[in-house]
Each structure stands twice: as C-alpha cells, then as structure tokens.
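Here is the structure we will look at, set down as structure tokens.
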Amino acid sequence: MNYDLFVLASKVRKVENVEQLEDLKSFAESLMLREKNYALLTLMAVAEEMGEDEIIDTLDRLRVHVSTVLKK
C-alpha cells in the first residue's frame, strides 16, 4: 500500500476539531491531485509508445464499462 494512504489514515484517526478536518481535507486533495498527475503522465508516456489511438480506444472502453457499472 502507498505510504501516503497510511499517513492519511493516521490523520483521519487524529481529527478532533473542524480545523484539523480542514487540514485533512487539504492533505487528501493534494494526494488526489498528485495521483491524478501521475496517471496523466503515465497515459502520456504510454500514448507516445503505443500511439494515441490505442489509448483513446482503451479509455472509451473503460468509460463505457464504468458508466454501465454505475447504472447498476
């Protein structure tokens, strides 16, 4: 598991007031933004190696699958 998730879980357990909750929210948002950026960089690297059409087709299939799952 990612070390940052352990840190996040630890911070969740220690929240005692609204101010700490806001700090936790900011920390979680920064983790999500960083993970999103890693994912985008990975997609860009794969697209460069495999071609953009391959990535677009795969993302379209994933989008259809996710929308199907969410409708259930």
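FYI, side chains are in, hydrogens and waters are out, and symmetry mates aren't considered; it's all heavy atoms of this structure.
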CG of Asp23 to NZ of Lys11: how many Å apart, nearest 0.5 Å? 7.5 Å

Identified side chain to side chain contact (heavy atoms under 4.5 Å, CB included) counterpart of Val66 within the set Leu70, Val69, Val64: Leu70

Please step through side chain to side chain contact (heavy atoms under 4.5 Å, CB included) for the pair Glu29 and Lys25, ending with a clear verdict. CA-CA 6 Å; Glu29 287 173 348; Lys25 180 182 173 190; 3.1 Å; yes

If I compare all heavy atoms of Ala28 with all of Leu8, which pair ends up nearest, and what's the gap? CB-CD1, 4.1 Å

Surrounding CD of Glu35 (heavy atoms of other residues, nucleotides or ligands, distance under 6.0 Å), is the total greater than 12? yes

Donor-acceptor check, side chain of Gln20 to backbone of Glu16, threshold 3.5 angstrom: yes or no? yes

Contact check, side chains of Asn2 and Leu5, non-hydrogen atoms, under 4.5 Å: yes

Value rounded to 0.5 Å, distance of CD1 in Ile55 from CG in Asp60: 11.5 Å

Measuring from atom CD of Glu52 to atom CG of Asp57, what distance do you get when rounded to the nearest 0.5 angstrom? 11.5 Å

Ser67 (side chain) donor-acceptor with Arg63 (main chain) under 3.5 angstrom: yes

Might you confirm whether atom CD of Glu19 has over 12 heavy atoms from other residues, nucleotides or ligands at distances under 6.0 Å? no

Would you check, one step at a time, whether the test side chain to side chain contact (heavy atoms under 4.5 Å, CB included) holds for Leu31 with Phe27? CA-CA 6 Å; Leu31 289 180; Phe27 179 72; 3.5 Å; yes

Distance check, rounded to the nearest 0.5 Å: Leu40 atom CG versus Lys36 atom NZ? 6.5 Å

